[in-house]
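Some notes on the structure that comes next.
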Amino acid sequence: MKWVNVHDWPRTKAEAYEIQDSRIDKVRLNGNNVEPELICALEGAYGYGGQSVYAAAVVLTYPDFKEVDRSLSFDTPTFPYIPGLFYFREGPALIKALEGLKETPDVIMITAHGIAHPRRCGLACHIGLDFDIPTIGCARRLLFGKHRQVGVNRGSSQPVVHRGEQIGLAYRSKDEVKPIFVSPGHRCDLTYATNVVVSGLRGYRLPEPLRVAHLLANKHKRIMEGKNNKKAKPEEVDSAG
DNA sequence: GCGACAG
DNA sequence: ATCTTGTCGC
């Protein structure tokens, strides 16, 4: 895939906010109601000390989820993790992974928020803008907005709202497990995003595409770093052998 | 001022 | 997110 809407990468928080603010009005929440044929899932896994990111992009058929393409990437983020500016930390790794795909999916699902964000411009929105493609945010924790308690049974949900406006959905994807949070990123609405997420559930908390991407990203990381080859602590080096 | 805070 | 083993529970 091609990164079509390229922009400079910020070095400071102020620059990041500037870029984010300039993109808010470009986010579109319509234009997609057709069932996808190919879906892509994006996920990043952090290396030792959280100083490196291994990303995985996997393209699957929909709705049977057979893998047709995958791409792995590595990046050493320079931007810190700041709630609300997550894109500027993990974005480079995710973009690299997407650039390595030969297949072009109809929609991308990402472990992050879309418009359920303080400025309605979460990571999923940015990725959608970057590649001009529909994106769905599916996060494990709430970043912004409020919702009433979600019923304990699978399928229960509550709208995530802010000042009376619904910006996402808290959805119980599995009995007695914490809900997940769905919000559109770009070129789709919440209904579409929810449908795609829910139709991807296969008995686990996360929809199958993200589950696959998650496993892939972690596998990638372990292969590169070695499961038990983390940097030894100094004292262990001295006393060893 | 205090608490919250995607990964 | 990551560090980290076994272990309690369905």
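Reminder, nothing fancy here: chain letters follow the sequence lines and each chain counts from 1.
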- Decide yes or no on salt bridge (Lys or Arg N to Asp or Glu O under 4.0 Å) for A:E43 and A:R140, but give the supporting numbers first. CA-CA 12 Å; A:E43 171 83 323; A:R140 302 184 183 81; 3.3 Å; yes

- Run the numbers on A:R211 and A:E208 for salt bridge (Lys or Arg N to Asp or Glu O under 4.0 Å), then give the verdict. CA-CA 5 Å; A:R211 223 171 64 80; A:E208 195 60 17; 3.1 Å; yes

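Formation of a donor-acceptor pair under 3.5 Å by the A:S183 side chain with backbone atoms of A:G168 is not found in this model. Within the 3.5 Å criterion, the main-chain N or O of A:D132 finds a donor-acceptor partner in the side chain of A:R187. Listed for the A:D175 side chain is a donor-acceptor partner under 3.5 Å among the backbone atoms of A:R154.
A:K221 comes within contact range of the sugar-phosphate backbone alone, with a heavy-atom separation under 4.0 Å but no base atom that close. At a threshold of 4.0 angstrom between heavy atoms, the contacts of A:I110 with the nucleic acid are absent. In this structure, A:N218 reaches the sugar-phosphate backbone alone: every heavy-atom distance under 4.0 Å involves primed, P, OP1 or OP2 atoms, never a base. Residue A:G122 is in base contact, counting any heavy-atom pair closer than 4.0 Å across all strands shown. At the heavy-atom level, A:G49 lies nowhere under 4.0 Å from the strands shown.
The distance between atom NE2 of A:H147 and atom P of B:dA6, rounded to the nearest whole Å, is 13 Å. Rounded to whole Å, atom C1' of B:dA6 lies 16 Å from atom CE of A:M109. A:D175 places its CG atom 15 Å from the C1' atom of C:dG9, with the value rounded to the nearest Å. Taking atom NE2 of A:H214 as the reference point, atom P of B:dG7 lies 11 Å away to the nearest angstrom. Regarding A:R222, its CZ atom lies at a distance of 12 Å from the P atom of C:dA1, rounded to whole Å. Protein atom CZ of A:F181 is 10 Å distant from nucleotide atom P of B:dC5, rounded to whole Å. Atom CG in A:L85 sits roughly 12 Å away from atom P in B:dA6 (whole-Å rounding). With rounding to whole Å, A:L143 atom CG is found 9 Å from B:dG7 atom P.
Note on A:D130 versus A:R23: salt bridge recorded, some NZ/NE/NH1/NH2 to OD/OE distance being below 4.0 Å. Between A:E165 and A:R120, at least one side-chain nitrogen of the basic residue sits less than 4.0 Å from a carboxylate oxygen of the acidic one, meeting the salt-bridge criterion.
Counted by atom type alone, A:Y81 and A:E90 present zero donor-acceptor pairs between their side chains at under 3.5 Å.
Across C:dT2, B:dC5, B:dG7, the shortest atom-to-atom separation from the side chain of A:P83 is found for B:dC5. Taking every side-chain heavy atom of A:Y48 into account, C:dC3 is the closest of C:dA1, B:dA6, C:dC3. For A:R89, whose side chain is taken as the heavy atoms from C-beta onward, the closest listed nucleotide among C:dT2, B:dG7, B:dA6 is B:dG7.
Each side-chain hydrogen bond (donor to acceptor under 3.5 Å, both in side chains) pair with one or both residues in residues 58-72 of chain A, not counting sequence neighbours, appears once here: A:T61-A:D64, A:Y62-A:S199, A:E67-A:R70.
For A:Y81 and B:dG7, the ring-to-base geometry satisfies the stacking test (centroid distance below 5.5 Å, interplanar angle below 30°).
Secondary-structure annotation of DNA chain C gives no stems, with a stem taken as at least 3 successive Watson-Crick or G-U pairs whose two distances both fall under 3.5 Å.
Residues A:M109 and A:I39 meet the side-chain proximity criterion, which asks for heavy atoms closer than 4.5 Å.
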- DNA chain B base-pair string [pairs: Watson-Crick or G-U under 3.5 Å; |: paired with another strand]: .......

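Put simply, A:R140 has a side-chain N or O that comes within less than 4.0 Å of OP1 or OP2 on C:dA1.
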